[in-house]
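Accompanying notes for the structure given below.
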2 protein chains.
Amino acid sequence: MPPFPDESSHHLKRLTDGLKRAGVKLTHQRLEVCRELAGVTDHPDVEAVFHGVRARVPTISLDTVYRALALLADLGLIGRVGALQGRMRFDPNMTPHHHFVCARCGAMHDFTSAAVDQIPIPDDAHAFGHVHAMQVEIRGLCRRCQFGQES
Amino acid sequence: MPPFPDESSHHLKRLTDGLKRAGVKLTHQRLEVCRELAGVTDHPDVEAVFHGVRARVPTISLDTVYRALALLADLGLIGRVGALQGRMRFDPNMTPHHHFVCARCGAMHDFTSAAVDQIPIPDDAHAFGHVHAMQVEIRGLCRRCQFGQES
DNA sequence: ATTTAATTAGTAAAGATTACTATCTAGGAA
DNA sequence: TTCCTAGATAGTAATCTTTACTAATTAAAT
């Protein structure tokens with residue numbers, strides 16, 4: 001049984017309700033992907049979700065898991081983390097700064113903030129290991145994507 | 001000519017000095033990758049750097065650009081941004097929280113911070129578009145990677 | 001100039017994600 | 001309930017990104 005059945009079922013309800021509200025079909029496969037996500041406390045990749053769901057739905061395809069996760073993320077029911085856009089990118093600017101990232105086109109803009117830089121690193125973070133740096137990421141829609149539809 | 005020749009040459013010097021200090025060979029190809037990075041103000045992907053350098057070094061291979069960028073990033077002379085590890089991951093936890101990310105193994109841990117959440121979103125960020133959320137990412141080495149060498 | 005270990009070009013391989021098509025099914029209507 | 005249909009899935013292929021490999025080249029120390 002899951003470690004926190006109440007938490008888990010609460011999360012599951014949140015996800016399935018979200019799918020219903022969106023008016024998409026609540027298929028067996030999507031339900032099991034939601035169940036998998038609800039019973040997890042880390043940040044699984046597609047492979048991990050696929051593996052977990054496959055134990056209960058042996059015929060599910062990887063593509064279905066990809067589409068279910070993309071759907072949930074697009075509906076704002078789960079978050080994307082790690083690789084946002086496909087390719088890795090590099091930042092030649094090594095002076096302290098932060099990023100605005102467009103959730104749609106992936107455009108990144110730098111900004112600085114004395115207020116942010118003054119915040120001490122939370123103690124909780126030190127408990128996880130040795131801290132190198134703290135950086136703020138602001139997600140949103142850039143002006144291009146906010147107005148015109150051009151790529 | 002570049003928009004800010006002084007800035008640009010300053011960045012170039014920082015990169016090439018870093019390579020010399022690391023004791024690696026300062027090849028023509030690496031120099032041109034540095035030059036490309038120094039003349040840029042955004043966050044280029046490998047393709048963009050490859051394209052830019054190729055205009056001046058038509059025979060350079062994509063692999064060389066990958067390796068030059070990885071070298072610079074490993075030496076801490078440039079930053080990696082966007083896709084850190086290979087695969088995309090998902091976060092079922094939609095309550096406000098922040099992330100500790102291990103630079104080596106990619107492990108992610110959640111933490112909350114009232115201090116961080118109280119910071120107003122910097123005005124500079126609003127100028128770039130419509131803000132959805134602000135999230136802190138702390139990079140470092142997790143306990144596993146800090147001590148043992150196990151994957 | 002010679003030597004050597006590091007680096008590169010070119011290509012192949014691996015890995016991750018997306019696309020495609022025939023088949024199937026959730027959910028509404030009869 | 002049964003029928004119908006738009007939407008979803010399984011299985012696989014294709015695409016895209018990144019890494020690996022090898023023979024040839026080259027920086028830089030001697």
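In the text below, chain A, chain B and the rest are named by the order of the sequence lines, each starting its count at 1. These numbers were taken from a predicted model, which means no experiment stands behind them.
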- Assess whether atom NE2 of H51(B) is packed by more than 12 heavy atoms of other residues, nucleotides or ligands within 6.0 Å. no

- Task: Side-chain contact test, heavy atoms from C-beta onward, threshold under 4.5 Å: evaluate it for R80(B) versus D74(B) and give yes or no.
- Result: yes

- Please work out which residues in residues 64-71 of chain B have a non-hydrogen atom less than 4.0 Å from an atom of DNA chain C and list them by number. T64(B), R67(B)

- Query: Heavy-atom distance under 4.5 Å between the side chains of K13(A) and H10(A), does that happen here?
  - Reply: no

- Given the options V136(B), T112(B), I138(B), P122(A) meets side chain to side chain contact (heavy atoms under 4.5 Å, CB included) only with I138(B)

- Query: How does the hydrophobic cluster around V53(B) look, that is, which other residues are in it when side-chain heavy atoms under 4.5 Å mark a link?
  - Reply: M88(A), F90(A), L15(B), L19(B), V24(B), L26(B), V33(B), L37(B), V46(B), V49(B), F50(B), V57(B), I60(B), L62(B), V65(B), Y66(B), L69(B), L71(B), L72(B), L75(B), L77(B), I78(B)

- Message: Return whichever of V46(A) or Q29(A) has its heavy-atom-nearest nucleotide of DNA chain C closer to the 5' end.
- Response: V46(A)

Report each atom pair, protein N/O against N/O of nucleotides 23-29 of chain D, whose distance is under 3.5 angstrom.
residue: dA27(D); atom: N3; partner: K25(B); partner atom: NZ; Å: 3.1
residue: dA28(D); atom: OP1; partner: L26(B); partner atom: N; Å: 3.1

- Given atom NZ of K20(A) and atom P of dA8(D), what is their separation to the nearest angstrom? 16 Å

- Item | chain B footprint on DNA chain C, 5' to 3' - any atom under 4.0 Å from a heavy atom | dA5(C) to dT17(C)

- Euclidean distance, atom CG of residue L19(A) to atom P of dG7(D) [Å, nearest integer]: 16 Å

- Item | Within 6.0 angstrom of H130(B) NE2, more than 12 heavy atoms from elsewhere | no

- Got a sec, which pairs hit salt bridge (charged side-chain N to carboxylate O under 4.0 Å, His left out) with one end in residues 44-55 of chain B, sequence neighbours left out? R87(A)-D45(B)

- Item | Heavy-atom side-chain proximity of R104(B) to R144(B) below 4.5 angstrom | no

- Message: Quick one: does any side-chain atom of R89(B) pair with a main-chain N or O of H43(A) as donor and acceptor, under 3.5 Å?
- Response: yes

- Query: How do G23(B) and M88(B) order along DNA chain C: which one's closest nucleotide is nearer the 5' end?
  - Reply: G23(B)

- V40(A) vs P92(B) side-chain heavy atoms within contact, under 4.5 Å: yes

- L141(B) reachable from F100(B) in the ILVMFWY side-chain graph, under 4.5 Å edges: no

- Please report the closest heavy-atom contact between H98(A) and M134(A), naming both atoms and the distance. CE1-O, 4.2 Å

- Query: Is the number of heavy atoms from other residues, nucleotides or ligands under 6.0 Å of H126(A) NE2 greater than 12?
  - Reply: yes

- Query: Which whole-number value in Å describes the distance from F90(A) CZ to dT17(D) P?
  - Reply: 14 Å

- Query: What parts of residues 48-62 of chain B reach DNA chain C, counting only heavy atoms under 4.0 Å away?
  - Reply: T59(B), I60(B), S61(B)

